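As structure tokens, the structure follows; a few thoughts come after it.
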Amino acid sequence: MEFAKRMKVRALAGAFCLLIGVLCIVLSAAGMARDPIIQSFGAAFACIGAARLLRYYRLQKNPEAMRKREIYETDERNVLICIRAQSLAGSVYVTLTGLAVIAFFLTGQAQIAQILAYTVCAFLLIYLLCYAFMKRRY
């Protein structure tokens, strides 16, 4: 994907996060959300979305910064480091969460262990789907 298109997708993701955050805050303020923590999550999502949009806006206004960012993101060394870091983070997440599942089962907290096990399963399912997609694409 070319860099300009990638930046627009990131801006749309930021707008989506902002929209989700505002929606959560409004639902919480209107009393439609059952859990009071929804407002905190909404504020966090709104802040993340606003920060992404602000970053995109600032890069659009400064062509030199946009050019430097494009060079940084398309540099082969940085791309390789990013891919390896993502791979390591995924491996660490699955391993630590698997250990936490065992620990929670041993301490009698089966519901927490089950939720964590489902998150690992979802992560691995998403990984397999992405792997299959990338295998066909490349």
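Numbers for residues simply follow the sequence, beginning at 1. Keep in mind it's a predicted model, so treat the numbers as computed, not measured.
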Short side-chain to backbone donor-acceptor contact, Ser87 and Arg84, under 3.5 Å
no

In terms of hydrophobic clusters joined by side-chain contacts under 4.5 Å, are Leu96 and Leu88 together?
yes

Test log, rule salt bridge (charged side-chain N to carboxylate O under 4.0 Å, His left out), inputs Glu70 and Arg67:
CA-CA 5 Å; Glu70 181 177 5; Arg67 188 182 66 74; over 6 Å; no

Given a cutoff of under 4.5 Å between side-chain heavy atoms of I, L, V, M, F, W and Y, with clusters grown through shared members, what are the other residues clustered with Leu12?
none

Holding to side-chain contact (heavy atoms from CB on, under 4.5 Å), I want the full list of residues that pass it with Ala113, two or more places apart in sequence or in another chain.
Val101, Phe104, Phe105

Not counting sequence neighbours, list each pair that qualifies as a salt bridge (charged side-chain N to carboxylate O under 4.0 Å, His left out) and has a residue in residues 112-135.
none

Going by the ring pair (Phe, Tyr, Trp, His ring centres under 6.0 Å) test, which pairs reach into residues 114-138, not counting sequence neighbours?
Tyr93-Phe123

Can you check whether Asn78 reaches Cys82 side chain to side chain, under 4.5 Å on heavy atoms?
no

Distance col, row Leu27:CG vs Leu23:CG, nearest 0.5 angstrom, shows 4.5 Å

Partners passing side-chain hydrogen bond (donor to acceptor under 3.5 Å, both in side chains) against Glu76 (at least two apart in sequence or in another chain):
none

Among residues at least two apart in sequence or on other chains, which ones pass salt bridge (Lys or Arg N to Asp or Glu O under 4.0 Å) with Glu73?
Arg6, Arg10, Arg69

Show the nearest heavy-atom pair for residues Val120 and Thr97, with the distance to one decimal.
CG2-CG2, 3.3 Å

Residues sharing Leu129's hydrophobic cluster, by side-chain heavy-atom contacts under 4.5 Å among ILVMFWY, directly or via others?
Leu125

Under the ring-ring contact (aromatic ring centres under 6.0 Å, His included) rule, collect the residues that match up with Phe16, sequence neighbours excluded.
none

For residues 38-60, which side-chain N or O atoms pair as donor and acceptor with protein atoms under 3.5 Å away, sequence neighbours left out?
{"unit_1": "Tyr56", "atom_1": "OH", "unit_2": "Gln60", "atom_2": "NE2", "d": "3.0"}

Could you give all pairs that pass the salt bridge (charged side-chain N to carboxylate O under 4.0 Å, His left out) test and reach residues 92-121, with sequence neighbours left out?
none

Residues forming a side-chain contact (heavy atoms from CB on, under 4.5 Å) with Ile115, sequence neighbours excluded:
Gln111

Rounded at 0.5 Å granularity, tell me how far CD1 in Ile126 sits from SG in Cys121.
11.5 Å

Under the rule for side-chain contact (heavy atoms from CB on, under 4.5 Å), what residues qualify as partners of Arg77, not counting sequence neighbours?
Asp75, Ile81

Walk me through whether Lys68 and Tyr72 qualify under side chain to side chain contact (heavy atoms under 4.5 Å, CB included).
CA-CA 6 Å; Lys68 285 182 181 180; Tyr72 176 78; over 6 Å; no

